[in-house]
Amino acid sequence: MAYVLGVDVGTTRTTAAVCRLDGARDAEIALVVPSFLQLTDAGTFSVGEFDSSGWAATGFARRVGDAVPFSLGPETCPAEELTALLIMWVIGEVVAREGEQPRHVAVSHPAGWGPYRRGQLYAALRAVGVHDVTLVPEPFAAAENHAVRSRVLPDSSLAVFSLGSHAFSASVVRRSQSRTFELVNHVEGIDHHTGGDFDDLLAALVRGRLGKDGVVSVAECEAAKRAFGPSVVISGVEITRDEFVEEIRPSVDHLVCTFVRALGAVQPDAVLLVGGGCRMPGIGDALSAAVDCRVLAEAAPEHSVAKGAAVAARLVVVGPESEPEPLETSVLVHTREASLRFPVGEIVSPDDEEFTAPPPRPPVDVSPLDLPPRRVKRVASALNPVGRRSSSKSKNDD
């Protein structure tokens with residue numbers, strides 16, 4: 001069955017979603033792997049597997065365009081090359097499962113990237129054989145994913161609150177008359193706590209109960225943070241929801257204040273929660289108290305960007321069609337009333353007025369930077385499970 005692919009390379013996890021061309025417009029998750037590349041002593045790359053004898057690289061997706069490369073033992077690899085290698089591997093895994101190549105691939109990227117960073121990633125993707133690709137800003141992908149489930153009228157604005165393991169951003173996007181999204185405002189958080197910092201805060205709370213000799217698992221804290229009930233038990237210590245919310249309140253207030261400043265004078269129709277950090281208790285309630293609109297999230301907000309990228313890839317292939325009926329879906333709607341903290345969201349029905357289809361969406365014109373050839377092709381060959389690193393003589397033959 002023909003399909004398109006959306007890929008979201010995060011600092012912790014990489015998610016791939018597929019969207020069928022002859023089926024529903026919504027996307028489904030196809031693959032989730034750690035954003036972890038390792039060069040083994042045998043000269044091959046592995047994805048998501050740790051081997052103490054190799055050299056590992058993580059967090060490279062956010063460093064695309066950085067002049068300082070990653071050092072992996074005998075190799076030095078720029079961040080864009082590692083990102084392209086991971087995307088190439090993900091595409092190969094999906095192709096093996098689907099039995100055919102995707103018709104198009106959309107890759108998400110931070111909204112703050114300019115032409116240089118996008119051009120660097122385009123060039124690296126071309127070097128590893130990924131040509132039919134579109135780069136989509138993360139808030140656009142989140143908005144496209146939301147538009148599949150709820151009608152977004154022209155000139156409507158959506159705010160995107162994105163909180164991941166190591167990154168925070170606040171964005172406002174507006175849907176144009178041509179039914180594409182345009183960026184109104186965007187703020188990248190620099191000195192804000194993110195998901196990994198909240199793991200540490202929860203671990204410190206548990207360690208304070210255990211004493212200085214207590215051992216706390218950070219992985220256990222991360223899992224508990226994402227699925228907080230009335231209380232959680234970590235390393236034999238019970239932490240209530242209210243205790244954790246009180247512990248993180250200053251950090252959450254800092255995030256919400258930055259988000260409100262990013263909104264400015266814009267009154268969005270809804271706030272979309274994106275990223276695994278939005279699973280934490282207190283985030284939705286704090287935002288609901290600060291804005292006068294719905295605050296929405298999927299059951300798995302960390303998958304929203306990948307699914308939206310797949311929806312965007314489908315639009316590139318088939319173009320805009322008539323507005324679909326909103327899909328029934330479970331969302332988290334955080335309200336100011338504690339009794340309605342996690343109800344199932346309502347789908348707003350469109351007005352009864354006659355809907356006129358907009359003009360066809362213009363084709364996507366991508367003009368990546370034409371950069372000189374790089375050494376990524378030689379590095380990509382190391383993904384082959386057989387073969388070894390090239391000799392020092394061949395390394396100089398560029």
Side-chain angles (χ1 to χ4, degrees), residues 2-10 14-19 21 30-31 33 35-40 42-49 57 60-61 63-65 69-70 72 75-109 113 115-136 306 309-310 312-314 316-317 363-390 394-395 397-398:
Y3 69 98
V4 292
L5 180 64
V7 181
D8 175 35
V9 183
T14 294
T15 306
V18 298
C19 192
L21 294 180
L31 183 68
V33 295
S35 298
F36 180 90
L37 273 176
Q38 186 171 40
L39 178 65
T40 67
T44 62
F45 273 99
S46 62
V47 176
E49 300 177 359
F60 39 80
R63 284 184 51 189
V64 167
F70 283 77
L72 300 179
E75 299 282 357
T76 57
C77 303
E80 54 270 17
E81 296 183 2
L82 294 174
T83 305
L85 289 174
L86 180 56
I87 294 171
M88 181 187 71
W89 183 89
V90 167
I91 295 174
E93 289 293 301
V94 175
V95 168
R97 298 183 184 189
E98 296 290 335
E100 60 179 313
Q101 292 283 341
R103 291 280 301 276
H104 195 74
V105 178
V107 176
S108 65
H109 67 84
W113 280 16
Y116 174 72
R117 284 187 169 184
R118 294 195 301 268
Q120 291 285 80
L121 184 55
Y122 268 123
L125 288 170
R126 289 198 306 266
V128 298
V130 181
H131 298 279
D132 197 9
V133 62
T134 298
L135 299 185
V136 182
R314 188 180 191 276
V316 172
V317 175
V364 176
D365 184 16
V366 178
S367 301
L369 297 177
D370 292 327
L371 301 178
R374 298 181 64 88
R375 52 178 293 281
V376 68
K377 290 187 177 180
R378 188 178 75 242
V379 177
S381 64
L383 285 172
N384 192 327
V386 297
R388 301 186 59 84
R389 288 193 300 271
S390 58
S394 61
K395 286 185 179 180
D397 295 337
D398 283 336

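Between T76 atom OG1 and E81 atom CD the span is 8.5 Å, to the nearest 0.5 Å. Separating the NE2 atom in H109 from the CG atom in D8 is a distance of 11.5 Å, to the nearest 0.5 Å. Considering OH of Y3 and CD of Q101, their distance stands at 6.5 Å, rounded to 0.5 Å. Taken from CZ in F45 to CE in M88, the straight-line distance is 9.5 Å, to the nearest 0.5 Å. To the nearest 0.5 Å, atom CG of residue L85 and atom CG of residue L39 are 10.5 Å apart. We find the CG-OG1 distance between L125 and T83 to be 8.5 Å, quoted to the nearest 0.5 Å.
Shown here for W89 and L31, the closest heavy-atom pair between the two residues is CZ3-CD2, 4.1 Å. Across all their heavy atoms, A310 and C19 have their closest contact at O-CB, 3.8 Å. Heavy-atom minimum distance, P69 versus P78: CB-N, 3.9 Å. Nearest heavy-atom pair, S108 versus V9, reported as atom, atom and distance to 0.1 Å: OG-N, 4.3 Å. Considering all non-hydrogen atoms of both residues, L5 and A17 come closest at CD1-O, 3.3 Å.
Under a 3.5 Å cut-off, the side chain of R97 and the backbone N or O of A30 do form a donor-acceptor pair. A donor-acceptor pair under 3.5 Å links the side-chain atoms of E80 to the main chain of G65, judged by distance alone. Within the 3.5 Å criterion, the main-chain N or O of A2 finds no donor-acceptor partner in the side chain of R103. Between the side chain of S35 and the backbone N or O of G10 there is at least one donor-acceptor pair closer than 3.5 Å.
For the pair V94/V7, no side-chain contact is recorded, criterion being any heavy-atom separation below 4.5 Å from C-beta on. Between F70 and L37 there is no side-chain heavy-atom pair separated by less than 4.5 Å. Within the 4.5 Å cutoff, the side chain of V105 has no heavy atoms near those of the T134 side chain. Side chains of L86 and F60 form a contact here, defined as non-hydrogen atoms less than 4.5 Å apart.
Across V317, V95, V4, a single residue satisfies side chain to side chain contact (heavy atoms under 4.5 Å, CB included) together with P102, and that is V95.
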